[in-house]
Each structure stands twice: as structure tokens, then as C-alpha cells.
Amino acid sequence: MAYGSFRQFLEALDGAGELTRVSVPVETDLVISEWANREMKSPDGGKALLFEKPTIDGKQSQFPVAINTMGSRRRIAMALKLNSVEDLAQEIQLILKAKPPTDLREGWSLLKQGLNLLHARPKHVRDGACQEAVHLFEQIPSSKSQAPNSGAEFSLKDLPILKCWPKDGGRFITLPNVHTRDPETGARNVGMYRMQVYDDLTTGMHWQVHKVGARHGKRYYERGERMPVAVCLGGDPAYTFAATAPLPDGLDEILFAGFIRKKSVELVPCKTIELEVPADVDFVLEGYVQPGEMRPEGPFGDHTGFYTALEDYPVFHLTAITHRRDAIYPTTIVGIPPMEDFYMGDATVRIFLPVFKMNFPELVDMTLPPEGVFHNLVFVSIRKQYPYQAFKVMHGLWGMGQMMFSKYIVVVDEDCDVHNTSEVLFRLCANTDPERDSTIIRNPSDSLDHAPSSQNIGSHMGFDATRKLPGENYHRSWPELLKMTDEAQAIVNSLRKE
Ligand SMILES: Cc1cc2nc3c(=O)[nH]c(=O)nc-3n(C[C@H](O)[C@H](O)[C@H](O)COP(=O)(O)O)c2cc1C
């Protein structure tokens, strides 16, 4: 059965020896971050951490802080209630195979139908544990007044929100599930976009230009309408995972979460805005984004391992905070890899591999190694049949959703293990003539990438590290890779007792 709460998930981690409880007071300003960073850098992602007495400027918070809860292959599988994420990949493959789709668009719509059929559709309920405590606010319209929103009895100042890195512009909510709706179609989206705390009732809303939240925002701005936004923290970890998954615009993350957890998500109406949220989450921040209102956001110690500079982003005004009485505040930090987010991205690639394979039948395996912090590096292995097939795969990937950001793509033959970076680098160095086997294209770039001369656009490079076929401008005979005979291997295995 699905987790009924974030707390239940933490109890499961505890029972499996995957959770370390920290019972001494630990400060939310940098100290939890330093502790978590060491844990995330330990072998296989270390343990999840539960800080039972986090302090905010020396004062103990009423809510514990959980971090690194999905930061290993085992924990991300546990978060999704799976033995291995490959089990979910297999289910997706079965849905796609029921009636083989002819192209990617058809594949996604088939997947959507499949999710509906599997009773993943949400249910609507009147009450939820996320509203056990309700705090409603009067907002000072901050665009007109310089006075910060403060003085509310309960506000963001009561949440144990981390300052992650020394030069961060403030405290940041780092695991928010941001719910919005397209004002024209009514389609829901849930994305994860960090939020910088400006004052007790105001934050930044860091949806980057390519993301669905930003597209919804644009629709509201064009209509001149205030945009309702609900931000959920905690609950079943399947929600958080779904918010980070690069689902195509229009595929509902709540439906996807229902499919993952094999149970409909129960949705409860918000108190002050026209949106619904999962009833079992720990916290809900209700509020709105006002068209045209922008404010500098950052700096922030980012996924890239560098600080992202100040940049203008929309402003989120809170109209209410609701929460469970026993709420636990979930968070993460990002930085020099490997960090917790690597395991989230890694699970996404493994789960959606069948969808990639459907579009590229030659694709054998694919990974985004931690050194590439998601989009900087992609290793793909293919069963190559015809000349320039590796280039076809690269161009296909560059045209596919958030894969458009892939800065370097290395394509290898099917007998190379893409999860072994050393093996891929060996093939890259051995099998390529740089001029013949590389291509540089222009494409949108990840907003966080500081290397391109201009933000959001840049060059991307692909390497064909496969063996060359006739027609690929190679005029010699391709050599054979060294391999010992099976017989010699068996003899040595028995002599060495392996
Ligand atoms: C820990 C974490 C933090 C993230 N922060 C942001 C962010 O601040 N802004 C952003 O645009 N994407 C961020 N992302 C990536 C998005 O969540 C991801 O691209 C997601 O697919 C976006 O959803 P959407 O396609 O529905 O917009 C973050 C991902 C993770 C795992």
C-alpha cells in the first residue's frame, strides 16, 4: 500500500536502517547543510537524516527536518514503494506494448490512457490531514509598499527553512511541489521550483523559462489575471518524485503519482485559492503570483556546484499556510555532485527508459552520470545498424523535452556498459577521430548553465564513439576488441575459486 504520510515513509526508512536520527539541536543556517553534504558524499549516498530539534537562529523549531530521504538507489526505490525502479519501468513498458504506438506523441497519450485505466485518477475529498492547522493571512501588496509582510502569528519564519550555502541570498525552500493550472485548458501541473524566502509571507518562484509553471504564468500575465499557486511539502514521496519528473506538458503529475503509488491521490480544496492539493501532505503554502511582478532571486548554491547569480523571477505571496499537526519539513541541498538529486534524476532515466526505447528502437541503455549534474553529460548505448545512426540518436534526444539541454552526448556500442564511466571514456578515446566523429549544434541550454555566453542558449556536442561502418568515411578495417576465450576464463575462475 501507498504511504499515508511522509512520516510513514521515514518510519519505513528507519525500520530498514536507512535513517539516522539527530537528537541534538542543529542550526538551520548552514549547519544542517554541512552535515547533509557530508552524508550525501559518503558511499552510496549515506543515510537519510532526521533532525529532531532544528533551530532557527538559535530557537528550536516546532517541526523536525528530514533530508537526503531519496539520496540512494535503495531509498528512491523505497520512496516509490518498489524493490527496484526497474519494476516500474517494466510496468510502463507493458502499457506501451499493449498496442505498440507508432510515434512518441501516441506513446505518451497511450501512457496517459494506461494511467487512467489503472485507476490512477485522483479522488476529491472535503478534508485532509494537511489542513489540521490553518493560518490565514492578510497581505500587504508588496509591489506598492516597501514594508515587508511580517507580524503574522504563524508564518514562514516558523518553518525550519535552510540557508544552504554561505553566499546564498537567504533561506530557500528546496523541495516544493508547486501546483498550478493552465487558465485556458484547466490542465494541472506540479513542478519543483525552489523558493527564496523574502519575508514572512513572500518568496521568489524560480520556474525557469522552459518549465511548465512559467508557461502557465505567461498565460495568466497575458490575461492580466492573478495566478493562484499552491505549494506542497511532504506527503507521500511519490508526489515529490513526480514533481521533478520531466513529464510532457499536459501529462498530469498527480495522475502519474497515483500510478506510481497504485492508489488514487486524494485531493482537497485549498482554503484561499481555487486549487486542490493532496490531502496527506505535511504543509501547504497557498497564495498567488501577480502578473508582471518580478524581483531579484539568488544567489543560490546550485545543482551545478557553483552559485547561480541574481536574476529576476516572479514573486509568490502567501494567503495561507495549512499543515499537519505533526508535520515534518522535507528538504534537500544541491551542490557539487554527487548529491541527493542525482538519485532522483537517475531513477527518472531508468523509469522512462521504455519511453526512450520506443522512440529509438536501437537504444540499449542510457545514463546521465553524476559528474554531468543532469544535463551536461549523457551516455547512450545503441545497437547500430546503419551509418550515422549515432548522430540520428543524438539529434532525436536534443529534440526531446528536457533532453534538449544535454550538453555532451556520447554514443557507444551495445557491448559498452554506460554505467561504467571509465569504460565509456575508454571507448570515446579509442574509437573517435574528433573531426569525423563529433558534431556541434545550437539548442536551448539549461538556465543554470553558467558556461554559455548568453543564458538559455548555447552549443551542444555529440560524439559517435561506436565502431565505424562502411559509409562512415573510415577507409581501414575496424580492429577487434580484446576478449579472452570462455574456456580460459572458466579455468582461471575455478583455480581462483571465483
Ligand atoms: C531538488 C530539485 C530542485 C529543482 N529546482 C528547480 C528550480 O528551482 N527551477 C526549475 O525550473 N527547475 C528546478 N528543478 C527541475 C524541475 O523540477 C524539473 O525540470 C521538472 O521536470 C519541472 O517540471 P515541469 O516540467 O512540470 O515544469 C529542480 C529539480 C530538483 C530535483
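Just so you know, ligand 1 is whichever comes first in the structure, and atom 1 is the first atom listed for that ligand. Sequential numbering from 1 along the given sequence is applied to the chain's residues.
- With hydrogens left out, the protein atom closest to atom 15 (C) of ligand 1 is Lys211 NZ, 3.7 Å, a heavy atom.
- In the vicinity of Gly191, heavy-atom distances shorter than 4.0 Å reach the ligand 1 atoms 23 (O).
- For Ser447, the closest heavy-atom approach to ligand 1 does not fall below 4.0 Å.
- Checked for salt-bridge contact, Asp312 and Arg295 miss the test: no charged N lies under 4.0 Å from a carboxylate O.
- For Lys262, the salt bridge (Lys or Arg N to Asp or Glu O under 4.0 Å) partners two or more places apart in sequence, or in a different chain, are Glu91.
- Residue pairs meeting the ring-ring contact (aromatic ring centres under 6.0 Å, His included) criterion with at least one partner in residues 217-276, sequence neighbours excluded, are Phe256-Phe352.
- The shortest non-hydrogen separation linking Pro452 to Ile457 is CB-O, 3.2 Å.
- On a distance-only criterion, Asp341 and ligand 1 share no N/O pair closer than 3.5 Å.
- Taking each of Met344, Glu297, His206 in turn, the one with a heavy atom nearest to atom 7 (C) of ligand 1 proves to be His206.
- Atoms of ligand 1 lying under 4.0 Å from at least one heavy atom of Ala245, given by number and element, are 21 (O).
- The ring of Phe300 has its center no closer than 6.0 angstrom to the ring center of His206.
- Looking only at protein heavy atoms, the nearest one to atom 31 (C) of ligand 1 is Thr244 CG2, 3.7 Å.
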Check your understanding: Would Arg188 and Leu255 satisfy side-chain contact (heavy atoms from CB on, under 4.5 Å), going step by step from the backbone distance to the final call?
Key -> CA-CA 10 Å; Arg188 176 188 12 243; Leu255 192 68; over 6 Å; no
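- Checked against the 6.0 Å centroid threshold, Phe9 and Tyr3 count as a close aromatic pair.
- For an aromatic pair to be called close, the ring centres must be under 6.0 Å apart, and Tyr313 with Tyr193 fails this.
- Near Glu253, meaning under 4.0 Å from any of its heavy atoms, are these atoms of ligand 1: 26 (O).
- Checked for salt-bridge contact, Asp199 and Arg171 miss the test: no charged N lies under 4.0 Å from a carboxylate O.
- The closest approach between any non-hydrogen atom of Arg215 and ligand 1 is not below 4.0 Å.
- The nearest heavy-atom contact from the protein to atom 24 (P) of ligand 1 is Tyr193 OH, 3.5 Å.
- Looking at atom 13 (C) of ligand 1, its nearest protein heavy atom turns out to be Met192 O, 3.0 Å.
- Evaluated by nearest non-hydrogen atom to atom 23 (O) of ligand 1, the leading choice among Ala243, Gly401, Pro246 is Ala243.
- With hydrogens left out, the protein atom closest to atom 29 (C) of ligand 1 is His303 CE1, 4.1 Å, a heavy atom.
- Of all protein heavy atoms, the one lying nearest to atom 25 (O) of ligand 1 is Gln402 NE2, 3.5 Å.
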